[in-house]
Amino acid sequence: MSRLAARFAELKAQKTKNGGHKTALIPYVMTGDPSPEITLPLMHAMVAAGADIIELGAPFSDPMADGPVIQAAAERSLEHNTSLHDVFSVVTEFRKTDDKTPIVMMGYLNPIEVMGYQSFAQQASACGIDGVITVDMPPVEAGEYVPALRAKELDPIFLLAPTSTEERIKKLADVASGFVYYVSLKGVTGAATLDVSSVEEKVAQIRQYIDLPIGVGFGIGDAESAAKVAGCSDAVVVGSAIVKKMTLNDGKTEPERSIIIKEISDILSAMRGAMDDV
Amino acid sequence: MTQLIDKSVKQKPASVDYSAMPDERGHFGVYGGIFASETLMQALDELRDVYEKVKTDKEFQKQFDTDLAQYVGRPSPLYFAERLTQQVGGAQIYLKREDLNHTGAHKINNTIGQGLLAKMMGKKRIIAETGAGQHGVASATVAARFGMECVVYMGAEDIVRQAPNVYRMKLLGAKVVSVESGSKTLKDALNEAMRDWVTNVDDTFYIIGTVAGPHPYPAMVRDFQTIIGREAKTQMQEQCGCLPDALVACIGGGSNAIGLFHPFLKDESVAMYGVEGGGLGVDTGKHAAPLCAGSPGVLHGNRTYLMEDENGQIIETHSVSAGLDYPGVGPEHSWLKDIGRVKYVAATDDEALHAFHTLTQVEGIIPALESSHAVAYGMKLAATMTPEERIIINLSGRGDKDINTIAKIEGIQL
């Protein structure tokens, strides 16, 4: 069983306060933001604070689907010339002491395209990445991409949106694995408004056709919204709200990094608590 | 006995069915496609379906033709540049005068088409990205004419170097949003427009200004721009009774070039040259010439040649001309390069500036800095040809918008 499947099975077996099953908490951080040294200790700290899966960003110069917070994170990361190789290195290090927590890489297609799908899949799998979200790779273009990932037991994780039609949802069932990422609103990452009832409705529609865990992201910024979304999904993704903390300092020294790590851990602990109370 | 095949000879152009491109999912060979985020997929599908319908809809085409004639002022003249021809001393040089269109460039051909589509689809709000500002002005123009709200995204750097166009857009009632991210030029404006579209996809029509973006934009924008080549073909026939021997056009995203080239692609005797922004020189790395010096990748919804580093990050481009300052290019050009039908070359900033002055002084026509790149290469090319041969240079826009840039380069305070 893959790390992702094992983790979702484990959570399903655990009960929340009101008898539902536990929902995965998935924090997103950008590799190398704000400094190359922070990513590894931050990943371990997030697990300690209650993260079940880590979404690790690979920076791209032109992040069209992201709002200003994640855009700025990519720019900071690229100041250190962070590449896919750096993402692989930090995951290799992480795996030395944590072989359980699934890691999903999230990024844009071009760096993967330039590396070559097969070479990418080979290296991503070897370092211990479990799934890959490529924002600008829709199923219709994924004819060579999906088999390349599958061959190395990587889950291709696709996104669905409020605008996804029934037909598109059905088609996704053929290619997706790991989990499905539902983009909770029309907009970019970090947008403000989240309409929980429409999320509930759409998640229910997706479940009719796709038998995979459903994660919800975009627009979830605090414990309250995390708890609400946890009530109707299998995973809650939080990105911009914690990436904002990367601007507290430039993460060059140990004390600076500790400040950022503590702030992010506090946010995640609060979310974890609220989600488990649902 | 054994037939030797010269592998260096590319596929014979005449065997290619150019009108069959792109395929139904927007592919030109391996290029093009739909690499967009899920939120936009439904809107792109809808746009593709509506566009497929209007392509053969007589009413729509009639409205489009009427607007081009009565509002844009088409056909634009094909002008024999006699003094320039004499000065260069080679092939006869003809200029396709897109600079004489309403709003001063070829961009209006496309915004008229997409504006009509937006109206037909009941959209109340138009967004656009712009580099030199010509597409922004052309979009603001149709928005004013149709009574729609218009937001134009423009890189902060371009806002400075194309100040007259910024003011024109504002006069036309558009909101111009300064984009401060990345290199603060055209590519970043495109990113920001995409973000707007994702957020406001229900009521907003995104008018992309060039033959790039996800399908159906490259095919749709091309189709609206082929009026340039269709007219030029007829005009050359009327004036000289023949086809031209060569076509020359500048390439940023490549919409004016594909507009001129496309109707001639199957005419084997017509050579074609796409001129990219050579900046300080293609060998300096400071340029905007992905077809000359880039490699294939995926950006802004399609696979195409890009200026990128070894990690797949997009690199900053340089060109004196804001309209050419773009790290990608329309996917059809990438395909035409690979099959060898069109030759892609570059003109440097200096060559373009020299051509700008030459055309202004010899013919009394002030060309846009973008078009000056085509003029620069066209002059060079003509000099290598015989006086019996004819070339058409696409004068894609007028240079009024560039006088501040030119004055600054020459150290003149206006």
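Here is how names work: the chains are called A, B, and so on, in the same order as the sequence lines, proteins then strands, and each is numbered from 1.
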Seminar exercise, completed: Counting heavy-atom pairs under 4.5 Å with chain B, the top scorer among A:Gly187, A:Ala161, A:Ala65 is A:Gly187

Exercise. By a 4.5 Å heavy-atom criterion (distance strictly below it), what part of B:Ile314 contacts chain A: side chain, backbone, both, or neither?
Worked result: both

For this session: List for me each residue that meets ring pair (Phe, Tyr, Trp, His ring centres under 6.0 Å) alongside A:Phe8, sequence neighbours excluded, and say none if there are none.
Result: A:Phe179

Exercise. Given that the side chain runs from C-beta out, which part of A:Leu109 has a heavy atom under 4.5 Å from chain B: side chain, backbone, both or neither?
Worked result: side chain

For this session: Identify which of B:Gly33, B:Ala36, B:Ala43 forms the greatest number of heavy-atom pairs closer than 4.5 Å to chain A.
Result: B:Ala36

Problem set entry | Contact origin within A:Pro63 toward chain B - heavy atom pairs under 4.5 Å | both

Problem set entry | Region of A:Leu78 that comes under 4.5 Å of a non-hydrogen atom in chain B | side chain

Seminar exercise, completed: Whatever's closer than 4.5 Å to a heavy atom in chain A on B:Leu306 counts as side chain

For this session: Taking all non-hydrogen atoms of both residues into account, name the closest pair between B:Val298 and A:Phe60 and its distance.
Result: O-CZ, 4.5 Å

Exercise. Which residues satisfy the salt bridge (Lys or Arg N to Asp or Glu O under 4.0 Å) test with B:Lys55, sequence neighbours excluded?
Worked result: B:Glu52

Can you pull out the donor-acceptor contacts between chain B and chain A, under 3.5 Å, including backbone atoms?
from: B:Arg25; atom 1: NH1; to: A:Val140; atom 2: O; distance (Å): 2.9
from: B:His27; atom 1: NE2; to: A:Glu141; atom 2: OE1; distance (Å): 3.0
from: B:His27; atom 1: NE2; to: A:Glu141; atom 2: OE2; distance (Å): 3.1
from: B:Ile34; atom 1: N; to: A:Glu141; atom 2: OE2; distance (Å): 2.7
from: B:Glu38; atom 1: OE1; to: A:Arg168; atom 2: NH2; distance (Å): 3.0
from: B:Glu38; atom 1: OE2; to: A:Ser164; atom 2: OG; distance (Å): 2.7
from: B:Glu38; atom 1: OE2; to: A:Arg168; atom 2: NE; distance (Å): 2.9
from: B:Thr39; atom 1: O; to: A:Thr163; atom 2: OG1; distance (Å): 2.8
from: B:Gly182; atom 1: N; to: A:Glu75; atom 2: OE2; distance (Å): 3.2
from: B:Lys187; atom 1: NZ; to: A:Asp62; atom 2: OD1; distance (Å): 3.3
from: B:Lys187; atom 1: NZ; to: A:Asp62; atom 2: OD2; distance (Å): 2.9
from: B:Asn191; atom 1: ND2; to: A:Asp62; atom 2: OD2; distance (Å): 2.9
from: B:Arg195; atom 1: NE; to: A:Asp66; atom 2: O; distance (Å): 2.7
from: B:Arg195; atom 1: NH2; to: A:Pro63; atom 2: O; distance (Å): 2.7
from: B:Asp202; atom 1: OD2; to: A:Lys186; atom 2: NZ; distance (Å): 2.6
from: B:Val298; atom 1: N; to: A:Asn110; atom 2: OD1; distance (Å): 2.7
from: B:Arg303; atom 1: NE; to: A:Glu113; atom 2: OE2; distance (Å): 2.4
from: B:Arg303; atom 1: NH2; to: A:Glu113; atom 2: OE1; distance (Å): 3.2
from: B:Arg303; atom 1: NH2; to: A:Glu113; atom 2: OE2; distance (Å): 3.2
from: B:Arg303; atom 1: NH2; to: A:Tyr117; atom 2: OH; distance (Å): 3.4
from: B:Glu308; atom 1: OE1; to: A:Asn110; atom 2: ND2; distance (Å): 2.7
from: B:Gly312; atom 1: O; to: A:Asn110; atom 2: ND2; distance (Å): 2.9
from: B:Gln313; atom 1: OE1; to: A:Ser61; atom 2: N; distance (Å): 2.8
from: B:Gln313; atom 1: NE2; to: A:Pro59; atom 2: O; distance (Å): 2.9
from: B:Ile314; atom 1: N; to: A:Ser61; atom 2: OG; distance (Å): 2.9

For this session: Work out which heavy atom in A:Pro138 is nearest to a heavy atom in B:Ile34; give both atom names and the distance.
Result: CG-O, 3.0 Å

Exercise. Listed by chain and number, what are the salt bridge (Lys or Arg N to Asp or Glu O under 4.0 Å) partners of B:Glu276, not counting sequence neighbours?
Worked result: none

